Protein chains: 2
Amino acid sequence: MNADQLIRHAHGRVTPARTRVLTTLLDAERALTHLEVAERLAPAVALDRVTLYRTLDWLVEQALAHRVAGEDRTWRFNASPGGAPAHHAHFNCTRCGQIFCIEALTPALALQLPPDFHAQQIELSIKGLCAGCNPA
Amino acid sequence: MNADQLIRHAHGRVTPARTRVLTTLLDAERALTHLEVAERLAPAVALDRVTLYRTLDWLVEQALAHRVAGEDRTWRFNASPGGAPAHHAHFNCTRCGQIFCIEALTPALALQLPPDFHAQQIELSIKGLCAGCNPA
DNA sequence: CGTCGATACGCAACACGGTTGCGAAATAGG
DNA sequence: CCTATTTCGCAACCGTGTTGCGTATCGACG
Ligand SMILES: [Mn+2]
Ligand SMILES: [Mn+2]
Ligand SMILES: [Zn+2]
Ligand SMILES: [Zn+2]
């Protein structure tokens, strides 16, 4: 299913912005910041900063993408192919800041919480060095 | 060990700012934002915004505190009594944004990563409703 | 294929958490 | 006390993300 089909499937208008942004996310090998998406679009498509933010937000609302908070206080966006929520772990490189999805890991929800606390979702973030930053 | 002793033990100058901030963190029942720390100091001590940021950073450097990134892109600070790193999970309330340390949980570091990836630390963040926000 | 209402876009201004540079004040050692 | 060094306060700045509003575009329908 390509970007346009996914957008139509979500009952959204197909616009160049949405098509190009979602395609970019689908092609990406890792989670991308707003700026990284913009760079991958340019110079073919000069998209306004705000439009890009709103497009990314829309994709998240429609569950076509999910976003992860990094240590540097910037969101990273990642396509959710199956429309599935982000029930996988993320690897967070402490040197270059890149965030990779680790699909293989699905943390179990069985854990001991204080009374009256109600868990909705578990986010497992592994910090370390990515392949590009690992000296070994 | 009180705040001043911990500061001296880290070979740092004992100043009112450091004493009061660290005491505040030690007394806190959960991770506090910069603003929450400021509120708990005032009006007895009127600390400059920047001084508070630098004091918190210093405490983190000295491993007297650790900080957690929340969904709202603001750091939350938490005293590290034993000088130990934050090898415990955090509960992140999706309604009020408060972050609580869950000391009981120590995620195992044995997991499958892509080749050449090197894990340094695991951060387990549980999202849900805290006791104050839980309707049940 | 043209019309038109709902939706999306672009621009400008703003909000907010956090940082930087630098001169003035406070700390701790002698 | 006196002084070297660290820390503080102020002002200005930065980057990410948001809001308001008028204009352009999409696509449904005739
Ligand atoms: Mn992901
Ligand atoms: Mn903690
Ligand atoms: Zn890296
Ligand atoms: Zn809550």
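By convention in this document, chain letters (A, B, ...) are assigned in the order of the sequence lines, proteins followed by strands, and residues within each chain are numbered from 1. Predicted model only: the values in this text are computed from it and were never measured.
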Colleague: Name every donor-acceptor pair, under 3.5 Å, that has one atom in a side chain of residues 2-22 of chain A and the other anywhere in the protein, sequence neighbours excluded.
Modeller:
| residue | atom | partner | partner atom | Å |
| --- | --- | --- | --- | --- |
| A:Asn2 | OD1 | A:Asp4 | N | 3.2 |
| A:Asn2 | OD1 | A:Gln5 | N | 2.9 |
| A:Asp4 | OD1 | A:Thr19 | OG1 | 2.7 |
| A:Gln5 | OE1 | A:Asn2 | N | 2.9 |
| A:Thr15 | OG1 | A:Arg18 | N | 3.3 |
| A:Arg18 | NH1 | A:Arg13 | O | 2.9 |
| A:Thr19 | OG1 | A:Thr15 | O | 3.0 |

Colleague: Round to the nearest Å and state the distance from A:Glu36 atom CD to D:dG15 atom P.
Modeller: 16 Å

Colleague: If I take atom NE2 in residue B:His11 and atom C1' in nucleotide D:dT5, what distance separates them, rounded to the nearest angstrom?
Modeller: 17 Å

Colleague: Whole-Å distance between C:dA28 P and B:Asp4 CG?
Modeller: 9 Å

Colleague: Output the rounded distance in Å from CG (A:Asp57) to C1' (C:dT7).
Modeller: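 Roughly 16 Å, once rounded to whole Å.
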
Colleague: Which nucleotide, C:dG18, D:dT7, C:dG10, lies nearest any side-chain atom of B:Arg18?
Modeller: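 Among C:dG18, D:dT7, C:dG10, the one nearest the side chain of B:Arg18 is D:dT7.
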
Colleague: Give me the bend of the helix from C:dC1-D:dG30 to C:dG30-D:dC1, using the axes of the five pairs at each end, rounded to 10°.
Modeller: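 Between the axes fitted at each end of the helix from C:dC1-D:dG30 to C:dG30-D:dC1 lies an angle of 30°.
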
Colleague: Between the side chain of A:Arg76 and the main-chain N/O of A:Gly97, is any donor-acceptor distance below 3.5 Å?
Modeller: yes

Colleague: Taking all heavy atoms of B:Gln120 and all of A:Leu129, pick out the closest pair and write down the distance.
Modeller: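 Taking every non-hydrogen atom into account, NE2-CG, 3.8 Å.
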
Colleague: Taking only side-chain nitrogens and oxygens of B:Thr15, does any of them come within less than 4.0 Å of OP1 or OP2 of D:dC8?
Modeller: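 Result: yes.
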
Colleague: Closest approach of B:Phe100 and B:Glu29, non-hydrogen atoms and distance?
Modeller: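 Closest pair (atom of B:Phe100, atom of B:Glu29, distance): CD2-O, 4.5 Å.
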
Colleague: On a heavy-atom basis, which atom in B:Cys96 and which in B:Cys130 lie closest, and how many Å separate them?
Modeller: SG-SG, 3.9 Å

Colleague: In whole Å, what is the span from the OH atom of B:Tyr53 to the P atom of C:dG21?
Modeller: 18 Å

Colleague: In whole Å, I'd like the distance from the CZ atom of B:Arg20 to the C1' atom of D:dC8.
Modeller: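 So the two atoms are 16 Å apart, to the nearest Å.
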
Colleague: Measuring from the side chain of A:Arg73 (C-beta onward, heavy atoms only), which nucleotide among C:dT19, D:dT16, C:dG18 has the closest atom?
Modeller: C:dG18

Colleague: Quick test: give all pairs of protein nitrogen or oxygen and nucleotides 19-24 of chain D nitrogen or oxygen below 3.5 Å, distance rounded to 0.1 Å.
Modeller:
| residue | atom | partner | partner atom | Å |
| --- | --- | --- | --- | --- |
| D:dG20 | O6 | A:Arg54 | NH2 | 3.3 |

Colleague: Send over the distance from B:Leu52 CG to C:dG18 C1', rounded to a whole Å.
Modeller: 11 Å

Colleague: Can you name the nearest heavy-atom pair linking A:Ser80 to A:Ala63, along with the distance?
Modeller: CB-O, 3.7 Å

Colleague: Quick one: sort the B:His66 and B:His90 rings into parallel, tilted or perpendicular, breaks at 30° and 60°.
Modeller: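 Geometry flag for B:His90 against B:His66: tilted rings.
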
Colleague: May I ask you to evaluate whether B:Thr51 reaches the phosphate of D:dG9, defined as a side-chain N or O under 4.0 Å from OP1 or OP2?
Modeller: yes

Colleague: Quick check for you: among C:dT19, C:dG10, D:dG9, whose closest atom lies nearest to any side-chain atom of B:Leu47?
Modeller: D:dG9

Colleague: Of B:Leu35 and B:Pro16, whose nearest nucleotide on DNA chain C comes first from the 5' end?
Modeller: B:Leu35

Colleague: Could you tell me whether the side chain of A:Asn134 and the main chain of B:Asp116 form a donor-acceptor pair under 3.5 Å?
Modeller: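 Pair found, side chain donor or acceptor close to backbone of B:Asp116.
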
Colleague: Starting at the 5' end of DNA chain C and moving along, which residue's nearest nucleotide shows up first, B:Val14 or B:Phe77?
Modeller: B:Phe77

Colleague: Looking only at non-hydrogen atoms, find the nearest pair between B:Leu25 and B:Phe77 and report the distance.
Modeller: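 What the structure gives for the nearest pair is CD2-O, 3.7 Å.
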
Colleague: Measure the distance from CD on A:Glu61 to C1' on C:dA8 and round it to the nearest whole Å.
Modeller: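 Going from CD in A:Glu61 over to C1' in C:dA8 covers 13 Å.
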
Colleague: With hydrophobic residues grouped by side-chain heavy-atom distances under 4.5 Å, do B:Ile122 and B:Ile102 end up in a single group?
Modeller: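 Shared cluster, yes.
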
